[in-house]
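Here the structure comes first, spelled out in structure tokens, and everything after it is commentary.
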Amino acid sequence: MATSEFGQAVRRWRDRVSPEAAGLPVGGQRRAPGLRREELALLAGISVDYVTRLEQGRATNPSDQVVEALARALRLSDDERAYLFRLGGLQPPGPGTVPVHLTPSVQRMLDRLTGTPVAVFDATWTLLQANPPYAALMGDPSGWRGHERNGVWRNFLGLSVRVRHTPQSRRDLQAALVADLRAATARYPADQRLKRLVADLLVRSDPFARLWESGIAGHHQAARKTIDHPRVGAVTLDCDVLTVAGSDLRVMVYTAEPGTQDAGRLELITVLGTQALAG
């Protein structure tokens, strides 16, 4: 059970993270240099009311997912993250669970690629963090909750995605995602969140169940993708997926060849997304 020390720690760490460091637009007068509660809530994907209750000690049972999201949004070190878990009455994730902590080097990369769409996923293809250009290109993920943040779930359950597919390319992608998920279950047999995801997919999606039962092997590879943006139209980009050694994080990066029409459209998408955030 979380104590008042949990809320005090969140508030203390919130005060030390500037909005610029978190990739947020800065505007208007601010009483403190750190993040506002609504900004922390946005970054962590939880409600402002819940952040308030946690800081005031009125919410005393945060879930593992909430503590992990707060640690990520607050840019905590490994030791600070473990401390926050313990303050919340929880055990820090062990070696048999899927790594979801963004290393400082990955965070710095996100901070510096301000004009490039970048997102970080864990080994199950659950979205951990996306920068503003990625949100502008693929749709704002800040309102996604639970399984909605998982790329396998979104593809098999028909949730909104902007990537254009032929029937064959969709089959190929789904097969690769299932193979990736199967490999993750072998590497992280103790991860309960992963077990729940697979169990729910088996119940909710017959195509997933058929692929899962086939024992398919393989992995998701980089490719050129065409994204149908609602305001700019179709833009074709190179999508590269980089795996972070030692953490099993996947960094997805979208780029266009300089000087091309697609590069111009990507730049426009990024500008439009920035304007939407400022508004």
| query | Side-chain donor-acceptor pair under 3.5 Å between R11 and Q8, yes or no? | reply | no
| Do the non-hydrogen side-chain atoms of I46 and L70 ever get within less than 4.5 Å of each other? | yes
| message | Pair D111, R75 - check salt bridge (charged side-chain N to carboxylate O under 4.0 Å, His left out), show working. | response | CA-CA 12 Å; D111 293 341; R75 300 172 175 235; 2.8 Å; yes
| Going by distance alone, is a donor N or O of one side chain under 3.5 Å from an acceptor N or O of the other, for D79 and S77? | no
| request: Using only heavy-atom distances, determine whether the side chains of D122 and T124 contain a donor-acceptor pair under 3.5 Å. | output: yes
| field | Side-chain ion pair, E148 and R154, N-O less than 4.0 Å | value | no
| request: Examine the side chains of Y254 and D240 and answer whether a donor and an acceptor come within less than 3.5 Å of each other. | output: no
| With a 4.5 Å heavy-atom cut-off, do R250 and V244 have their side chains touching? | no
| said: Under a 3.5 Å distance rule, please check whether H101 uses its side chain to pair with a backbone N or O of L76 as donor and acceptor. | reply: yes
| For the side chain of R53 and the backbone of R58, is there at least one donor-acceptor N/O pair under 3.5 Å apart? | no
| said: I'd like to know if L137 and V161 are part of one continuous hydrophobic network [Ile/Leu/Val/Met/Phe/Trp/Tyr, side-chain heavy atoms within less than 4.5 Å]. | reply: no
| query | Is the backbone of T185 close enough, under 3.5 Å, to the side chain of D191 for a donor and an acceptor to pair up by distance? | reply | no
| field | Within-4.5 Å side-chain heavy-atom neighbours: L110 and L102 | value | yes
| request: Would you indicate whether the side-chain heavy atoms of D248 and V98 approach each other to under 4.5 Å? | output: no
| Do T236 and D262 have side-chain N/O donor and acceptor atoms under 3.5 Å apart? | no
| How about L90 and F85: do any of their side-chain heavy atoms sit closer than 4.5 Å? | yes
| request: Using the test side chain to side chain donor-acceptor pair (under 3.5 Å), find all partners of S169 that sit at least two apart in sequence or belong to another chain. | output: H165, T166
| message | According to a hydrophobic-cluster definition based on side-chain heavy atoms being under 4.5 Å apart (Ile, Leu, Val, Met, Phe, Trp, Tyr only), do V51 and V48 belong together? | response | no
| message | Between E39 and R14, does any NZ, NE, NH1 or NH2 come within less than 4.0 Å of an OD or OE carboxylate oxygen? | response | no
| task | Run the salt-bridge test on R162 and D228 with the 4.0 Å N-O cut-off and return the result as yes or no. | result | no
| message | I'd like to know whether CZ of R112 has more than 12 heavy-atom contacts from other residues, nucleotides or ligands below 6.0 angstrom. | response | no
| task | Look at the rings of W153 and H147 and say which category their plane angle falls in: under 30° parallel, 30 to 60° tilted, over 60° perpendicular. | result | tilted
| request: Evaluate the side-chain proximity of P62 to L54: yes if any heavy-atom separation is below 4.5 Å, no if none is. | output: yes
| remark: Interatomic distance, CG@L43 vs CD@Q129, rounded to 0.5 Å, equals 7.0 Å
| query | Are the side chains of S105 and R108 in touch, meaning some heavy atoms are under 4.5 Å apart? | reply | yes
| task | Given side chain to side chain contact (heavy atoms under 4.5 Å, CB included), test L194 with L181 step by step and report yes or no. | result | CA-CA 9 Å; L194 174 54; L181 206 59; 3.8 Å; yes
| query | Does F208 belong to the same Ile/Leu/Val/Met/Phe/Trp/Tyr cluster as L159, with side-chain heavy atoms less than 4.5 Å apart forming each link? | reply | yes
| field | Residues, nucleotides or ligands: over 12 heavy atoms within 6.0 Å of E267 CD | value | no
| ring-ring contact (aromatic ring centres under 6.0 Å, His included) partners of F121, counting only residues at least two apart | W125
| task | With the side chain counted from C-beta on, respond yes when T255 and V253 share a heavy-atom pair under 4.5 Å apart, and no when they do not. | result | yes
| query | Under 6.0 Å from the CZ atom of R204, do we count more than 12 heavy atoms belonging to anything else shown? | reply | no
